[in-house]
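Counting starts at 1 for both ligands and their atoms, following the listed order. Numbers here are sequence positions counted from 1.
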Amino acid sequence: MQIFKFGGASVKDGEGVKNLEKVLQKFGDDRTLVVVSAMGKMTNKLEELVDLVVEGAVYDPVIEEICAYHRGVIGDILQEIPSTYVKWEESLKGWCSKVKGEDLLWSYDQIVPHGELMSTSIIAAYLQRSSRCTWLDAREVIRTDQYFTEANIDWVVTEKRITKELSQMDQVIVTQGFIGSDAEGNSTTLGREGSDFSGSIFAYCLEAESFTVWKDVKGILNADPRVMEDTEKYDFLSYREITEMTYYGAQVIHPKTLKPLAQKNIPLKVRSFEELNTEGTLISSQNTKKTVPCFVFKDNQLLVTAEVKDHNFMNEQKLGMILQVLDLLNVKINLMQNSALTFSFCIDNKEFKARKIKELLNRDFILSFESPLKLATIKNYQPDSFNFLPWNRSVLMEQKTSLNYQVLYR
Ligand code: ASP
Ligand code: MG
């Protein structure tokens, strides 16, 4: 049993769907479970749609656009429009007329999953032309809580359902990434880019022999090729290495993907869906001895400095107060530093969170905020690694350990 995951970029058009079949024929077998995202940028479009629907604005043109996009793909690869697809067009229209004035996050989770439902119904219909293949509604097996848009997995129910439904499978299964449902039958989503995580949930529950993520890059690279020239591909990485890379903000794989795989020692392969002869990156528990430096650049950072008001030191009790607030707001610190009277920390710049931090800490601290800043991290740096940083930056905070270097600059 193996799990394949295809992201939106890999199935953005008819050619992509044909290529998916080619990958399956070349590398899959009768016991391959295929997890697919929404096609192209459809999730962004659906997010746009949700905003319009909830505001009570005119949204028909966006629905038209979404349907036309999918019908365009269908037109390129199939003779007829599958009824299994048309059903989701109708369902999408139905939900949009129902959710007006309802809670935004709940509405999001009833509407946005249609991207995945539509893409997988088209792909399953295409694969069924030439081979046995079943379409599975992931919401019937992936059980979550009601934390809409960032739902957490109920592992006990999910594992029971997945093993019951799929452990005897003897043909290709096509299912959706990113979506699940709560105990009351509401649809839920696992957070943007969550399809990687879905794949790893299936891999964990089915004790798959491997999980392969097919991407538009050769494998895991040591920097984002859009930001840096001359990137290098890692042939091997350990779960640990890659977990750290995602911690620093490398957008190589959804951060929640690694833990279930590491727990069951299931190898993760990241491979190119375009260059099928390149090996990609193999991620396993095996420690890699020497790793090439990895560069991560994060934009739109916010530096918050909290200064004590009472001329006492910034002691552990005060640090505790600040950390408690950040924990409450679910804010992750990207870099921090303390001095006698201040504590400074860098976080992703989200206006809503900044406002809350101000509200909750204003009474005890003098707060200052600066944004938007950039944060560069070099993991496993070498002497010449620093040449890659912009030379004219004005530095606000800098930290160096024996392994890692981080700098926050304007
Ligand atoms: N379609 C969803 C998104 O674009 C999930 C995913 O692609 O992993 O965020
Ligand atoms: Mg996507």
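For NZ of K233, the number of neighbouring non-hydrogen atoms (other residues, nucleotides, ligands) closer than 6.0 Å is greater than 12.
Under the 4.0 angstrom criterion for non-hydrogen atoms, E116 is in contact with ligand 1. Under a 4.0 angstrom heavy-atom cut-off, G194 registers as being in contact with ligand 1.
Ion pairing between a basic and an acidic side chain is recognised when a charged N comes within 4.0 Å of a carboxylate O; E65 and K45 show such pairing. Comment: K87 does not engage E90 in a salt bridge, judged by the lack of any side-chain N to carboxylate O separation of less than 4.0 angstrom. Here K269 does not pair with E279 in a salt bridge; the nearest charged N to carboxylate O distance is not below 4.0 Å. Looking at D30 and R132, no side-chain N of the basic residue comes within less than 4.0 Å of a carboxylate O on the acidic one, giving no salt bridge.
Distances below 4.0 Å separate heavy atoms of R192 from the following atoms of ligand 1: 3 (C), 4 (O), 9 (O).
Ligand 1 has no nitrogen or oxygen under 3.5 angstrom from a nitrogen or oxygen of G8. At a 3.5 angstrom cut-off on N or O pairs, D196 does not count as close to ligand 1. Checked against a 3.5 angstrom limit, the closest N/O atoms of K5 and ligand 1 fall outside it.
Taking the ring axis of F273 as reference, the NZ or CZ atom of R271 does not stay both within 45° of it and closer than 6.0 Å to the ring centre.
Residue contacts with ligand 1 for S37 involve side-chain atoms from C-beta outward but no N, CA, C or O (heavy atoms, distance under 4.0 Å).
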